[in-house]
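As structure tokens, the structure follows; a few thoughts come after it.
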Number of protein chains: 2
Amino acid sequence: MRASERAYLTLLEDILEWRLPPGTVLAEVEQSERLGVSRTPLREALGRLAAEGLTAPHSGRGVVVTELSLDHADELFELREALECKAASLAARRGNPLVFSQLQKEFSSAAVLVNGDEAAKGNYYSLVQRLDDAIDQSMDNSYLLQSLKSLRVHLVRIRRLAKDNPERLLASAMEHANIAGAIAAGDAQLAAACTTVHLNQSLNHLKSTQHQTERTAS
Amino acid sequence: MRASERAYLTLLEDILEWRLPPGTVLAEVEQSERLGVSRTPLREALGRLAAEGLTAPHSGRGVVVTELSLDHADELFELREALECKAASLAARRGNPLVFSQLQKEFSSAAVLVNGDEAAKGNYYSLVQRLDDAIDQSMDNSYLLQSLKSLRVHLVRIRRLAKDNPERLLASAMEHANIAGAIAAGDAQLAAACTTVHLNQSLNHLKSTQHQTERTAS
DNA sequence: TTTTCCTTTCTTGTATACACTGAGTGTTGA
DNA sequence: TCAACACTCAGTGTATACAAGAAAGGAAAA
């Protein structure tokens, strides 16, 4: 693997996992020594991160990890609604109904997963991943896919701020089942509506986490 | 100005103006000599172009300017509808009505512009630009703005394939007036609907250009 | 004659040295 | 004591040399 690729993947993971929290200054020599590559591939990695909006220039001197807090959740979810509703609509028009009715079934019977142990919860998350993948493939639009991917990087980062609980996961599973069902039925409008509902519920849950944190802190 | 910035801007313009058409191979030494910079800043420029989807790796040997033809218009406009409808909705909720009712008036009286000479047509295009800018500012969402900007790069490129005529420009002006009016009225749903109408008309016009070209070629 | 393998050469990937800019600090004058 | 100027230095921006890898061409064998 190329050195620039290794540096990029390492930095990306460090940022997404909050090991490099917002505001962290990324000096070139420092990071190149830490990652064991020279400055040239490191600069390429930093350039890719900047293009994704994960880093930003810092008063003319170096780059910093961009701010991200629950304050950004509203903006992020507005974009997410635009992209994912469109994606669900297109999938409803173009996807294979069998794939999505199968996914719907799995989500409907996901109650056992979200109440189980960590491994079972991992299974649930991979099920969500499979629905996303199926939509990505069915919508058959490379530009929309590209936009979604760059959005998801930020979503991964912000998701770490939320604590999920069994009740929310169960509700989420039902919402996902509805989305899959609407796509399987070929109903574009319903698929978009189900996605809107799901995203609003997710956002509300995310914000309720914030209130808890504020109360805990005070 | 930095050498990498110059190289980036020059290559960007060359690609958008079709001086570097799709499929053109961009060899590093060749381009660095052409632009009078060394390979290091040139590589940074190429990296930025690749992040925007304007270039893509070419079977292990250099990068090529990505394909773009009217075949991509459908995909591009699907993403555009998702983003611009959302943008118009948000602007309707958050924008200053006075700004948009002023823009509506200007679009309504734009008939004299589109029938005029080249300079007058330039005025019309800058009016469209002002509406876009007003929406960008009013929607107040940096993530959505970022997505829109990366989309617009491709739209600039594909717009060169379309020939505009006075009838289309006049209709376009009316459609823009409707969008501005809906935003001024604070009607998010109507603003989105007007945007959908406008984009469908634009896409149809773009495709009719294609048919003419095909008939001309045969 | 065709296919396969080897060699050559061109292009990219990486490291490093040097130049330049900008921020911080210390000193000097009012 | 404060402000302004100059100097230092850390850190980025650029150039270039070198290494590694892939494609193309030719030669040899089937």
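In what follows, every chain begins at residue 1, and chains take the letters A, B, ... in the order their sequences are listed. Nothing here was measured: the structure is a model prediction, and the numbers come from that model.
The nucleotide whose nearest atom lies closest to any side-chain atom of B:R43 is, among C:dG13, D:dA15, D:dG13, C:dG13. The B:R2 side chain lies nearest to D:dT14 when the options are D:dT14, C:dT12, C:dT14. Closest contact between the side chain of B:S4 and the listed nucleotides D:dT14, C:dT12, C:dT14 involves D:dT14.
The CG atom of A:L42 sits 15 Å away from the C1' atom of C:dT16 (whole-angstrom rounding). Rounded to whole Å, atom P of D:dT14 lies 16 Å from atom CD of B:E28. Atoms OH (A:Y8) and C1' (C:dG13) sit 19 Å apart, rounded to a whole Å. Here C:dC20 presents its P atom at 19 Å from CE of B:M1, a figure rounded to the nearest Å. Whole-Å rounding puts the A:E33 CD to D:dG11 P distance at 10 Å. Computed from coordinates, the A:E5 CD to D:dG21 P distance equals 16 Å when rounded to whole Å. Spacing between atom CD of B:E30 and atom P of C:dT12 amounts to 9 Å, rounded to whole angstrom units. Per the geometry, NE2 belonging to B:H58 stands 11 Å off C1' belonging to D:dA23, to the nearest Å.
The side-chain heavy atoms of B:H154 and B:L79, taken from C-beta on, include no pair separated by under 4.5 Å.
The pair B:D74-B:K207 meets the salt-bridge criterion, with a side-chain N (NZ, NE, NH1 or NH2) lying under 4.0 Å from an Asp/Glu carboxylate O.
Between the side chains of B:T66 and B:R157, a donor-acceptor pair is found at a separation under 3.5 Å. For the residue pair B:Q137 and B:D133, no side-chain donor N or O sits within less than 3.5 Å of a side-chain acceptor on the partner.
Interface remark: the B:R39 side chain does form a donor-acceptor pair with the C:dG13 base, using a distance-only criterion of under 3.5 Å.
Between A:S38 and C:dA15, a side-chain N or O to OP1/OP2 separation shorter than 4.0 Å is present.
Tested against B:W18, the residues B:L161, B:T24, B:V65 include a single side-chain contact (heavy atoms from CB on, under 4.5 Å) partner, B:L161.
Take the nearest nucleotide of DNA chain C for B:T40 and for B:L26: the residue whose nucleotide is more 5' is B:L26.
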